[in-house]
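The block underneath contains the structure these notes are about, expressed in structure tokens.
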There are 2 protein chains.
Amino acid sequence: MAAVPNPPESPRRAPTIKDVAERAGLGFKTVSRVLNDEPNVRPETRDRVLAAVAELGYRRNSIASSIRRSDQRTSSIGLIVEDLANPFASSLTRVVQDYARERGHLVLVGSSDGDPGQEAELVGEFGTRRVDGMILVPNGPDQSYLEEERRRGTAVVFVDRPGRGIEADTVVSENAAGVAEAVRHLALAGHTRIAYLGDFESIYTSAERLQGFRDAMAAFGGADPRHIRTGLHDPEQAHRAAAELFALDPAPTALIAGNNLITVGAVHALQDLGIRDRTAFVAFDDLELADLLRPALTVVAQDTAALGEAAARHLFERLADPAAPYRRTRVPVRFEVRSSGAIPAPGH
Amino acid sequence: MAAVPNPPESPRRAPTIKDVAERAGLGFKTVSRVLNDEPNVRPETRDRVLAAVAELGYRRNSIASSIRRSDQRTSSIGLIVEDLANPFASSLTRVVQDYARERGHLVLVGSSDGDPGQEAELVGEFGTRRVDGMILVPNGPDQSYLEEERRRGTAVVFVDRPGRGIEADTVVSENAAGVAEAVRHLALAGHTRIAYLGDFESIYTSAERLQGFRDAMAAFGGADPRHIRTGLHDPEQAHRAAAELFALDPAPTALIAGNNLITVGAVHALQDLGIRDRTAFVAFDDLELADLLRPALTVVAQDTAALGEAAARHLFERLADPAAPYRRTRVPVRFEVRSSGAIPAPGH
DNA sequence: CTCCATACTGACAACGTTGTCGACAACGTG
DNA sequence: CACGTTGTCGACAACGTTGTCAGTATGGAG
């Protein structure tokens, strides 16, 4: 830590349109007209204004602007995810921000940590800032409080999971189909004793993925109930659950992990047990180095870019037409075949 | 994609303090006093106001509030990173957002994509919204345009790299020391032909890391110039450069990758060449599955949490005391020993 | 030349809030 | 009782902008 002795220059008041008007020798309303590209300004007058703007380094105060504007729009939107540091969330953030910026909007972000209280608090903060709309990954049993926001004219879009107790534009992944494809892939390699590790069933995506697993397994005689473990919310729990699964008799010969945190725990468990090379494995959610693991991880990859873009698109379309019927979009997943899913069942 | 026929309820004007005042039968200034916890309000009056607030579902308009406030503060800050989807950036975002929120501030985010033009554009947008301060990972040869922002009273903090052409609070990692430690670690396993893959030398972190490499290698007779490759900006370029390195005679026996994108390309190259198991490797930047690779990746891990927190702390301290001397904080890296760095040199 | 339409410009209100100030009541002190 | 002090409250200006409207110059038609 080093200290540099320079104190900053004295801060001065930012110039306003009135300063610009005075400098240009015009009424301040004329300046406003130029800045908003309104018609009926002489080109010469316009140039004088722009020159004064440049000389003073004037920059519009869009805070003041949006309080006066008739539509009360702030050209900003809010995005609430569970954890900004999570790759799924950050990829979403990136896409949403790009989409918004192309349309002149900025994005406020926040992590809910899966806590409905924090979610509601963030929604409140965003509302206070009068965002034009919000995109959220909803948490908890009830998002009906968002009706209040909508009545104020704020657009609301859910992504990854539908909100509860409220109808709204929603974008989700094809969770069940993705897991079903994983099951069929494993079955092709001769597996019938396929185990599944999932998060809390109360989470929409977890429930959908589990349902996809059960349904697909039905075609192969159904899943062994002991081979299904849910309620795993971090890598450590997944690690333990996986270890327990392989202590069973008969033990599963293949494993599906319901999300990326579970994948991390499960692969660690297989590693500890020394059965990484002979246990077939498919993970939900892609991971940065998945193709460099040995065996390379076969995954059900979510199309986070499409998810984020669809959510942003829904938001802006909602802003354009508040009366349109709500839409629910399902985004296909991509089944990424590498090698871990092709490990054959013993004797196959 | 499914459509639900519900049209939304008619949007109505959000209630203002005047609506609250009328409902409570009080002057609107009294309502303002209650909302801002100003003294000299009778408890009974206060209750009446709060009741009216609750009945109307009033929520302060902090947009209007901040235009009138004497300090002109908006309780929002801006964060500009290269790519919001990058794990380094998203981890930073998470920490900065948490820190800001604890202090009642919201965070606007943006990706510069390493382009000075986009960076300046985002700075402009943030300025228009009158953010209280900005944290940025600077790009390009000159950030002196930020002086203008500061003159307006906006605090500026650089993170990951110092800004150029301007003095400001800055937080960076101990890049050189981290790479030097990697070199010593490899040397301990008997390596002297250690190669280095880096990004553009014009990027501050790349230059620092390369310098750390050269300096540390000097203790072991210096690096072979042919074993240093820079200007690698994506995994593909790194892949090719690594392949070329190992076609040399004498080929290097160990490799250091200067950032996470280079790591991905380099490991792929080692994989293709079939020399992953016998080439010592240390990566700068940790990766999610690094410990599950075989061999597990030894890395120089940046403390993104400390980096982000220090940046946020600097920003808020700057807001509290604009005249304090600028500070430059260096955050230590963590050398994470796994196995890839311990692969011995041939005949050692 | 007169008249009217149109282009251009500025004075002023308004947005929802906070800051300033003064009015008024209650109270204590001499 | 007179007076100052303190607590409580509201009227009004102000923030920087956009919306409304009216005023003035200009040009073309008659």
Side-chain angles (χ1 to χ4, degrees), chain A residues 12-50 52-53 56-76 127-132 152-153, chain B residues 12-50 52-53 56-76 127-132 152-153:
Chain A
R12 55 148 202 253
R13 191 179 60 86
T16 72
I17 49 172
K18 294 194 181 178
D19 299 322
V20 174
E22 192 179 3
R23 177 116 186 174
L26 292 161
F28 72 93
K29 176 62 210 192
T30 301
V31 175
S32 170
R33 261 190 280 264
V34 171
L35 295 173
N36 291 302
D37 277 321
E38 286 175 30
N40 301 334
V41 179
R42 261 198 335 213
E44 182 199 310
T45 308
R46 176 185 194 77
D47 291 346
R48 252 163 71 205
V49 169
L50 294 178
V53 163
L56 294 177
Y58 168 81
R59 181 176 299 158
R60 130 192 281 125
N61 183 335
S62 61
I63 295 284
S65 164
S66 64
I67 123 172
R68 177 56 182 143
R69 275 215 136 71
S70 48
D71 57 5
Q72 294 266 95
R73 288 279 160 84
T74 56
S75 292
S76 61
T128 268
R129 259 76 165 194
R130 298 294 191 267
V131 294
D132 297 344
R152 291 184 160 85
Chain B
R12 56 152 200 252
R13 194 179 58 86
T16 73
I17 50 172
K18 294 196 179 175
D19 298 324
V20 174
E22 190 180 2
R23 177 119 188 171
L26 292 161
F28 72 91
K29 175 65 212 192
T30 302
V31 175
S32 170
R33 261 190 280 263
V34 171
L35 295 174
N36 291 302
D37 277 320
E38 288 174 29
N40 301 333
V41 178
R42 264 195 332 207
E44 183 199 311
T45 307
R46 177 187 194 76
D47 291 346
R48 253 163 70 207
V49 169
L50 294 178
V53 163
L56 293 177
Y58 168 80
R59 181 177 300 160
R60 134 192 280 127
N61 183 334
S62 61
I63 294 285
S65 164
S66 62
I67 128 171
R68 177 58 182 140
R69 275 217 137 72
S70 47
D71 58 4
Q72 293 268 95
R73 288 280 160 86
T74 56
S75 291
S76 60
T128 269
R129 260 78 166 191
R130 297 294 191 268
V131 294
D132 297 344
R152 291 185 161 82

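Sequence lines set the chain letters: A, B, ... in the order given, protein chains first and strands last, and positions in each chain run from 1. Only heavy atoms go into these numbers, but all of them, side chains included; no hydrogens, no water, no symmetry mates.
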Could you give the [atom1]-to-[atom2] distance, from [X] to [N], as a whole number of Å?
{"X": "B:N40", "N": "C:dA23", "atom1": "CG", "atom2": "C1'", "answer": "15 Å"}
{"X": "B:E44", "N": "C:dA26", "atom1": "CD", "atom2": "P", "answer": "13 Å"}
{"X": "B:R60", "N": "C:dC15", "atom1": "CZ", "atom2": "P", "answer": "19 Å"}
{"X": "B:I17", "N": "C:dC15", "atom1": "CD1", "atom2": "C1'", "answer": "12 Å"}
{"X": "A:K18", "N": "C:dA13", "atom1": "NZ", "atom2": "C1'", "answer": "12 Å"}
{"X": "B:Q72", "N": "C:dT17", "atom1": "CD", "atom2": "C1'", "answer": "12 Å"}
{"X": "A:F28", "N": "C:dC12", "atom1": "CZ", "atom2": "P", "answer": "10 Å"}
{"X": "A:D71", "N": "C:dC15", "atom1": "CG", "atom2": "P", "answer": "15 Å"}

Check: [Y] and [X] side chains under 4.5 Å, non-hydrogen atoms:
{"X": "A:R129", "Y": "A:T74", "answer": "no"}
{"X": "A:S65", "Y": "A:R60", "answer": "yes"}
{"X": "B:F28", "Y": "B:V20", "answer": "no"}

Answer with base, sugar-phosphate or nothing: what part of the nucleic acid does [X] contact at a heavy-atom distance below 4.0 Å?
{"X": "A:L26", "answer": "sugar-phosphate"}
{"X": "B:T45", "answer": "sugar-phosphate"}
{"X": "B:N61", "answer": "sugar-phosphate"}

To the side chain of [X], which of [options] is closest?
{"X": "B:A64", "options": "C:dT17, D:dG19, C:dA7", "result": "C:dT17"}
{"X": "A:R33", "options": "D:dG16, C:dT18, C:dG10", "result": "C:dG10"}
{"X": "A:R13", "options": "D:dT18, D:dG16, D:dT8", "result": "D:dG16"}
{"X": "A:R68", "options": "D:dT18, C:dT18, C:dG16", "result": "D:dT18"}

Side-chain N,O ([X]) to OP1/OP2 ([N]) below 4.0 Å:
{"X": "A:R42", "N": "C:dT9", "value": "yes"}
{"X": "B:T30", "N": "D:dC9", "value": "no"}
{"X": "B:N36", "N": "C:dT18", "value": "yes"}
{"X": "A:S32", "N": "D:dT17", "value": "no"}

Quick check on DNA chain D: between A:S66 and B:I67, whose nearest nucleotide comes earlier from the 5' end?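 Nearest nucleotide further toward 5': that of B:I67.
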Give the intermediate values and the outcome of side chain to side chain contact (heavy atoms under 4.5 Å, CB included) for residues B:I67 and A:N61. CA-CA 9 Å; B:I67 128 171; A:N61 183 335; 5.5 Å; no
For a quick test of reading the model, state the closest non-hydrogen atom pair linking A:A24 to A:R48 and the distance between them.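 It is O-NH2, 2.9 Å.
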Kindly indicate whether the side chain of A:K29 and the base of D:dG19 share any N or O donor-acceptor pair separated by less than 3.5 Å?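 A donor-acceptor contact between them is present.
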Should the pair B:R13-B:D19 be classified as a salt bridge under the 4.0 Å nitrogen-to-oxygen rule?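 Looking at B:R13 and B:D19, the cut-off is met.
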